Every structure is written in structure tokens, then in C-alpha cells.
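Since we're looking at a predicted model, the values are computed, not measured.
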Amino acid sequence: MLHLSLNNDLRELAVAAERVDAFCAEHGVSPDIAFAVNVSVDELLTNTISYGFDDGDSHRIEMTVRLQDGVLVVELVDDATPYDPTRAPHPDIDASIEDRPIGGLGVHFVRALMDGFRYRRSDGRNIVTLTKRAEVRPAEG
């Protein structure tokens, strides 16, 4: 299992991506799956860091990644403002670029890339769980 404790700082996105890539490579998870997970994690962390904290203080975002019965499970836990990204409105992707509001595509990407996307609030924390089926191949060595 991979566990990261990240600051609410956008510079932490690169750290998270690097560690997810390393975890996936170590466990024989394809680069395509690692990419999909990283895009999703990047979108969710960016939203949390950019919009979830209004006090200017340092906060921790806990991230775990584990492989369970051929499924990659990612959990993000934070003490940001309550927000359920699974209830974000679906963007009108058929509208012209000029008619679309800025933003709103990040959660759309998460929905498209992940097999599972759940939210719950517990003990003052947002908990987002992502799942992605992952065929595991033996690591080459």
C-alpha cells in the first residue's frame, strides 16, 4: 500500500503523480492505468487545494493507493470545506467552446476515466474513493 500525506500546495501534485507511477510500476499495473489514475487524482487534488480551504492555513491531504483483487483503489481524505464532487453537474460537452463555462471538465474526466467514484463525509472530513480495474502483469526485472 502507498500512503502519502500531502500539504495543500499545488507543488505536491508532482510528488503524488511520481509516487503513483512508481507504485503502479512496482505492482505491474500498466502505464495507461497509472495515467488515468494520475489525471483523476490531479483533478481532484487541484480542486481541493484551489477551492477547499479558505483559512490560508496549512492542511494535510491523506492519500492511499492499494491494489485489491485486481482493482486499484485510491482514497483521498481532507478536512476541506464539505464538497461532494460526485454531485458536480455534468458539463454540456456538445456545446461550442464559446458557449461553455470555464471549468467543470475535471470531474467529467474522473467519471470517464475511473470505474468507481464515491464520496462520503465522516468526522469532518471529505473522503473520495476511486477505483480502476487493473490487469496486473509481473514486473520486468
Side-chain angles (χ1 to χ4, degrees), residues 1-140:
M1 177 165 42
L2 168 65
H3 179 261
L4 295 173
S5 185
L6 307 164
N7 282 322
N8 59 322
D9 182 323
L10 291 173
R11 291 175 290 201
E12 295 278 72
L13 298 175
V15 172
E18 183 179 294
R19 297 289 302 275
V20 167
D21 282 341
F23 178 89
C24 288
E26 179 181 329
H27 290 87
V29 174
S30 78
D32 291 345
I33 300 295
F35 177 79
V37 169
N38 271 327
V39 167
S40 299
V41 166
D42 186 278
E43 291 294 341
L44 294 170
L45 288 176
T46 297
N47 286 347
T48 299
I49 293 167
S50 299
Y51 308 113
F53 304 102
D54 55 9
D55 59 9
D57 290 341
S58 180
H59 293 265
R60 303 303 291 173
I61 301 168
E62 303 301 321
M63 177 176 156
T64 58
V65 181
R66 68 183 185 279
L67 198 53
Q68 182 177 330
D69 300 323
V71 176
L72 206 56
V73 180
V74 179
E75 189 171 80
L76 301 170
V77 181
D78 63 67
D79 66 344
T81 303
Y83 177 68
D84 180 353
T86 67
R87 294 178 159 260
H90 291 265
D92 182 359
I93 57 174
D94 295 324
S96 69
I97 298 222
E98 296 82 23
D99 293 335
R100 275 193 231 160
I102 294 175
L105 289 178
V107 172
H108 171 72
F109 291 141
V110 174
R111 287 180 181 125
L113 293 170
M114 294 293 101
D115 297 319
F117 180 28
R118 292 187 326 246
Y119 170 85
R120 65 185 169 94
R121 181 97 177 155
S122 179
D123 295 326
R125 299 192 175 284
N126 298 302
I127 303 166
V128 174
T129 304
L130 305 172
T131 55
K132 182 72 175 172
R133 285 183 300 280
E135 284 189 29
V136 178
R137 295 186 295 270
E140 294 178 18

Review point. Should D115 and V71 count as side-chain neighbours, where that means a heavy-atom distance under 4.5 Å?
Key: no
Review point. Mind checking what makes salt bridge (charged side-chain N to carboxylate O under 4.0 Å, His left out) contact with R120, not counting sequence neighbours?
Key: none
Exercise for review: Give a yes or no on whether D55 atom CG has more than 12 heavy-atom contacts from other residues, nucleotides or ligands under 6.0 Å away.
Suggested key: yes
Review point. Yes or no on side chain to side chain contact (heavy atoms under 4.5 Å, CB included) for M114 and V74, after CA distance, side-chain angles and deciding distance?
Key: CA-CA 10 Å; M114 294 293 101; V74 179; over 6 Å; no
Check your understanding: Should N126 and R121 count as side-chain neighbours, where that means a heavy-atom distance under 4.5 Å?
Key -> yes
Point to revise | Candidate list L44, V41, T86, test side-chain contact (heavy atoms from CB on, under 4.5 Å), partner V128, passing option | key: L44
Practice item. Carefully, step by step, assess H59 and D78 under the rule side chain to side chain contact (heavy atoms under 4.5 Å, CB included). Key: CA-CA 8 Å; H59 293 265; D78 63 67; over 6 Å; no
Point to revise | Intermediate values then yes/no, side chain to side chain contact (heavy atoms under 4.5 Å, CB included), D21 and F35 | key: CA-CA 8 Å; D21 282 341; F35 177 79; over 6 Å; no
Review point. Which residue pairs pass the salt bridge (Lys or Arg N to Asp or Glu O under 4.0 Å) test with at least one member in residues 56-65, sequence neighbours excluded?
Key: none
Exercise for review: Could you list the residues that satisfy salt bridge (charged side-chain N to carboxylate O under 4.0 Å, His left out) with D9, not counting sequence neighbours?
Suggested key: R11
Point to revise | Qualifying residue for side-chain contact (heavy atoms from CB on, under 4.5 Å) with I33, from N38, L113, L72 | key: L72
**Study point:** Derivation of the side chain to side chain contact (heavy atoms under 4.5 Å, CB included) call for T46 and L13
**Key:** CA-CA 8 Å; T46 297; L13 298 175; 3.3 Å; yes
